[in-house]
Amino acid sequence: MDKKNIERPKVFDKKEYKKEYSKAHYKRILAEVKPEDYDLIDGYCKKNDISKAKFIVEACKHYIDNHGNK
C-alpha cells in the first residue's frame with residue numbers, strides 16, 4: 001500500500017482548541033481609557049491580586065446592584 005495515500009488522524013492543535021473554546025464560552029469587552037484611569041485600575045488589581053477582567057465584572061455587578069435597572 002502506498003504510504004502517502006494513508007489517511008492520518010488529525011493532529012490535536014492546542015492553539016485552535018483554545019481559540020474555539022474561548023469563542024464559545026467568552027465574550028470580549030474593549031474599552032479605551034485615559035492612562036491615569038488605567039493606572040488606577042491596574043494598581044488596584046495588582047494590589048488585590050485579581051485580573052482586570054474580574055475587576056470589571058465585579059465593578060459592573062456592584063454598580064447594577066446599587067443603581068437598579070432603569
Side-chain angles (χ1 to χ4, degrees):
M1 181 176 256
D2 189 4
K3 287 188 177 185
K4 66 181 178 181
N5 291 329
I6 296 173
E7 188 173 329
R8 291 176 175 39
K10 185 177 179 183
V11 176
F12 180 73
D13 184 351
K14 187 175 181 180
K15 189 174 181 180
E16 185 63 28
Y17 172 80
K18 184 175 179 180
K19 179 181 170 186
E20 291 300 317
Y21 181 88
S22 292
K23 187 176 179 181
H25 293 92
Y26 295 95
K27 300 267 184 192
R28 181 174 288 269
I29 295 175
L30 178 64
E32 292 186 11
V33 296
K34 293 182 178 182
E36 58 271 16
D37 294 333
Y38 178 87
D39 292 340
L40 178 70
I41 294 167
D42 188 52
Y44 179 87
C45 291
K46 286 178 180 173
K47 180 180 176 184
N48 292 282
D49 195 30
I50 62 170
S51 68
K52 287 180 207 65
K54 182 171 180 77
F55 170 79
I56 290 169
V57 170
E58 293 300 320
C60 290
K61 285 179 180 179
H62 178 77
Y63 185 89
I64 291 167
D65 290 345
N66 290 290
H67 290 87
N69 296 325
K70 294 181 180 183

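Everything numeric here is computed off the predicted structure, so don't read it as measured data.
Y63 and I41 are assigned to two separate hydrophobic clusters, defined by single-linkage of ILVMFWY side chains at heavy-atom distances under 4.5 Å.
Note: Y17 OH to D13 CG = 12.5 Å, rounded to the nearest 0.5 Å. The line from NZ of K52 to CD1 of I29 is 14.5 Å long, rounded to the nearest 0.5 Å.
The closest side-chain heavy-atom distance from K18 to K14 is not below 4.5 Å.
Within the structure, no pair that satisfies the side-chain hydrogen bond (donor to acceptor under 3.5 Å, both in side chains) test touches residues 27-41, not counting sequence neighbours.
The heavy-atom pair separating C45 from S51 by the smallest distance is SG-O, 3.9 Å.
Other residues, nucleotides and ligands contribute more than 12 heavy atoms inside 6.0 Å of the CZ atom of F12.
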